[in-house]
Amino acid sequence: MKKFFSQDKVAVGLLAGLGSELGFVLVLTVGLLIAGEAVGDHLRWYGGMFIPLILVLRHYAKSQQHLHVVKTLIVVFFVTFLAFIFYMLRSRTIVFQ
């Protein structure tokens, strides 16, 4: 497994980026369900899924040997962030005044 994540491939960036976001989302959803809270009432909390992605991006950027992975992680961050903001606007969780 360590050998896979030490490669400089686009697939590594996709798996690391989307996997870190998905892991956060799953843990948060399970935590909310165990606590008996409605997931729809806490949609803003899912914005925290970008924190692990930024940390993974920082890890790969500091090594300066994984240029393709860093570029892929930046694209994953940008696309998922735009999708998240679009969803928040469509669900009227955030509203422009």
Measure the spacing between [atom1] of [X] and [atom2] of [Y] and express it to the nearest 0.5 Å.
X: K9; Y: L15; atom1: NZ; atom2: CG; answer: 12.5 Å
X: L53; Y: L22; atom1: CG; atom2: CG; answer: 12.5 Å
X: L18; Y: L14; atom1: CG; atom2: CG; answer: 6.0 Å
X: F50; Y: L55; atom1: CZ; atom2: CG; answer: 13.5 Å
X: K71; Y: D8; atom1: NZ; atom2: CG; answer: 9.5 Å
X: I94; Y: M88; atom1: CD1; atom2: CE; answer: 5.5 Å

So, for [X] and [Y], which heavy atoms are closest and what is the spacing to 0.1 Å?
X: V56; Y: A16; answer: CG1-CB, 4.0 Å
X: L32; Y: W45; answer: CD2-CZ3, 3.6 Å
X: H66; Y: Q7; answer: ND1-O, 3.6 Å
X: L43; Y: S91; answer: CD1-OG, 4.2 Å

Does [X] share a hydrophobic cluster with [Y], counting links as ILVMFWY side-chain heavy atoms below 4.5 Å and allowing steps through other members?
X: V27; Y: F24; result: no
X: L73; Y: V79; result: no
X: V76; Y: Y87; result: yes
X: V75; Y: I54; result: no
X: V10; Y: L57; result: yes

Mark yes when over 12 heavy atoms from residues, nucleotides or ligands other than H68 sit less than 6.0 Å from its NE2; otherwise mark no.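 Atom NE2 in H68 is not crowded, with 12 or fewer foreign heavy atoms closer than 6.0 Å.
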
With a sphere of 6.0 Å drawn around CZ of F81, does it hold more than 12 non-hydrogen atoms of other residues, nucleotides or ligands?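 Not buried by this count: 12 neighbours or fewer within 6.0 Å.
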
Hey, are the side chains of Y60 and F5 touching, using non-hydrogen atoms and a 4.5 Å cut-off?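 Yes - at least one pair of side-chain heavy atoms lies under 4.5 Å apart.
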
Do Y46 and T29 have a side chain donor and acceptor closer than 3.5 Å?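 Short answer, yes.
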
